[in-house]
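Every chain is numbered from 1, with letters handed out A, B, ... down the list of sequences. Computed from a predicted model, the values in this text were never measured in an experiment.
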Number of protein chains: 2
Amino acid sequence: MIKRKKTDERRKQIAAAAGALFAERGVRDTTVRDIGDRVGLLSGSLYHHFKTKTDIVHGIMGGYGEDLVARYERAALPGGTSIEKLRRLFHACFEANLEHPDEEAILIRELDNLFREPEFSYVHETLSKIEEIFVNVIEEGIRRREIRANIDPRFVYRMMMDVMGTVPRWYDPRTHHEAEIVDHWIETFFQGIGAPIDV
Amino acid sequence: MIKRKKTDERRKQIAAAAGALFAERGVRDTTVRDIGDRVGLLSGSLYHHFKTKTDIVHGIMGGYGEDLVARYERAALPGGTSIEKLRRLFHACFEANLEHPDEEAILIRELDNLFREPEFSYVHETLSKIEEIFVNVIEEGIRRREIRANIDPRFVYRMMMDVMGTVPRWYDPRTHHEAEIVDHWIETFFQGIGAPIDV
DNA sequence: GTCTATATTGAGATAGAC
DNA sequence: GTCTATCTCAATATAGAC
C-alpha cells in the first residue's frame with residue numbers, strides 16, 4: 001500500500017507535466033518525449049505508469065467533470081435572486097479556471113479535436129449537465145421577471161460560455177483582479193453596454 | 001495564359017477541398033492523402049500545385065485578411081449612431097461567416113495552433129486591425145454618450161469576438177435566420193439580459 | 001521503476017516514368 | 001499534370017536488460 005502510494009505520486013507528477021504541455025500546445029502537438037523531458041524520464045518509461053498517451057489525458061480529465069458539475073450545482077443552490085445566482089455561476093467558472101487552468105484550457109482546446117472521439121463522450125455529458133444548470137437558472141429568472149422575457153436562455157448560455165471559454169487564453173491573475181472582471185462582466189451582461197436612457 | 005488559367009482552376013479546387021477538411025478537423029488532422037482523395041488525385045500529385053501542405057493553408061488564408069478588414073472598415077464608415085455602427089460590424093461578421101465559412105472556421109481553429117508559427121504572423125496582424133476598428137467605434141460611442149462610460153472597450157471587443165468566434169460551430173442558415181440572431185445579439189449586448197427597472 | 005534499443009506506423013515529400 | 005514507387009522522418013509503443 002505504501003508502495004502503491006509512491007506509484008501514484010509519479011503518475012500525478014507525469015499527469016501534471018503533461019497537462020501543462022497539453023494546455024499550452026494541444027495534445028496532438030505534445031509528444032511523449034516532450035512529457036518525458038519535463039519529468040526527467042525517457043519516453044519509454046512513461047509507459048510503466050500509463051498504458052497510452054491518450055490514457056494520460058483520461059488521467060487528467062477523468063475526475064474533473066464531477067468537480068466542475070459540483071461547483072456549478074453549488075453556485076445554483078437556492079438563495080438570492082436569479083441574478084445573484086448567475087453571478088455565482090460566473091464566479092464558479094473563474095474559480096475553476098484559477099484552480100485548474102490546465103484542465104480548463106485542455107477542455108476548450110480539445111472539444112472539437114480529441115474529445116470528439118467516442119472514448120471522451122463523458123466530457124460532452126459533463127458540459128450538457130452544466131448547460132442545464134445555467135438554463136434552469138435563466139428560465140427561473142424569466143419566470144420571476146428578473147431577466148428579460150424576450151431572450152432565448154440557451155442563446156444566453158452559449159454567449160456566456162463562449163466568453164468564459166476564452167478565459168484561459170487571456171486571464172492572468174497578476175494583471176487582472178478576478179472580482180473586478182466578474183463585476184465588469186456581470187454588469188455588461190445585465191445592463192448591456194448601451195447608455196442609460198435617462199441621462 | 002490560357003494554360004495558366006487552367007492551372008489556377010486546379011489550385012482553387014484543391015484549396016477548396018482542403019479548406020473544408022481543415023475547417024472540419026483542423027490542419028494537423030488532415031493528411032495530404034485525405035486532400036488527394038477529395039479531389040481524386042494521388043497525394044503526390046498535389047505537390048505539382050503546391051510546394052508544401054502548409055502552402056495550401058497560405059493559399060486559403062493569404063488573401064482573406066484583406067477581404068475581412070475591408071468588410072469591417074466598410075461597416076465602420078461614418079453614418080448613424082455608434083450603436084448602428086456596431087450593428088453593422090456584427091452583420092459584417094455574420095456575412096463573412098456565411099460567405100467564407102471554411103476560412104472563418106480555420107481562422108479560429110488554428111489561432112492557437114498552426115497560426116502561432118511566425119510564417120502566419122499576418123493573420124494576427126489582420127486581427128489587430130479589426131480590433132482597432134471595433135475599439136475606435138466603441139470609444140467614439142462612449143464620447144458621444146451612446147455607450148456606457150464605465151466599460152473597457154477592449155474588454156467589450158473581446159466579449160464580442162469571443163462570441164462571434166464560435167459562430168461557425170453552431171450557425172446553420174437552415175435553422176437560424178441571420179437577421180433574427182443579429183438582432184437578438186445586439187439587444188442582449190445593448191440592453192443586457194436584466195429586466196427593465198420600470199416594469 | 002528506469003534505461004537501451006528497436007519495432008511499427010503514419011505522414012510529408014520527392015524522383016522519374018508516362 | 002498525374003501516377004508509381006519510394007524516401008525520410010518523427011512519433012507511439014514495446015521488449016528485455018539492469
### Task
For nucleotides 3-18 of chain C, just jot down a letter per nucleotide in 5' to 3' order: B, S or -, based on protein non-hydrogen atoms under 4.0 Å.
BB------BBBB----
### Query
For the helix from C:dG1-D:dC18 to C:dC18-D:dG1, what is the angle between the axes at its two ends, each from 5 pairs, rounded to 10°?
0°
### Query
For A:Leu42, which residues count as a side-chain contact (heavy atoms from CB on, under 4.5 Å) partner, sequence neighbours excluded?
A:Ser45
For residues 57-66 of chain A, dump all side-chain donor-acceptor pairs below 3.5 Å to protein atoms at least two apart in sequence or in another chain.
from, atom 1, to, atom 2, distance (Å)
A:His58, ND1, A:Tyr122, OH, 2.8
A:His58, NE2, A:Glu119, OE1, 3.0
A:Tyr64, OH, A:Glu104, OE2, 2.7

### Separation of C:dG1 C1' from A:His48 NE2 (nearest whole Å)
5 Å
### Task
Calculate the interatomic distance between A:Asp34 atom CG and D:dT12 atom C1'; express it in whole Å.
13 Å
### Task
Using a cut-off of strictly less than 4.0 Å between a heavy atom of the residue and any atom of DNA chain C, enumerate the qualifying residues of residues 13-20 of chain B by number.
none
### Summary
A:His49 NE2 to D:dT14 C1', in whole Å, measures 16 Å
### For A:Thr188, all residues meeting side-chain contact (heavy atoms from CB on, under 4.5 Å), sequence neighbours excluded
A:His184, A:Ile193, B:Arg148, B:Ile151, B:Met159
### Query
What residues form a salt bridge (charged side-chain N to carboxylate O under 4.0 Å, His left out) with A:Glu24, not counting sequence neighbours?
B:Arg116
### Message
Suppose we screen for salt bridge (charged side-chain N to carboxylate O under 4.0 Å, His left out). Which residues come up paired with B:Asp29, at least two apart in sequence or across chains?
### Response
A:Arg28
### Message
Can you measure A:Ile35 atom CD1 to C:dT2 atom P for me and round it to whole angstrom units?
### Response
15 Å
#### Entry: For A:Glu131, side-chain contact (heavy atoms from CB on, under 4.5 Å) partners two or more places apart
A:Val135, A:Arg154, A:Tyr157
### Task
Output every pair passing ring-ring contact (aromatic ring centres under 6.0 Å, His included) with a member in residues 10-47 of chain A, not counting sequence neighbours, ordered by first then second residue.
none
### Task
Return the set of residues passing salt bridge (charged side-chain N to carboxylate O under 4.0 Å, His left out) with A:Asp67 (not counting sequence neighbours), or none when no residue passes.
A:Arg71
### Query
Are B:Arg25 and B:Asp34 close enough, and set up right, to give a salt bridge (Lys or Arg N to Asp or Glu O under 4.0 Å), and what steps lead you there?
CA-CA 11 Å; B:Arg25 331 176 178 165; B:Asp34 292 334; 2.9 Å; yes
### Partner set under side-chain contact (heavy atoms from CB on, under 4.5 Å) for A:Arg144, not counting sequence neighbours
A:Ser82, A:Lys85, A:Glu140, A:Glu146
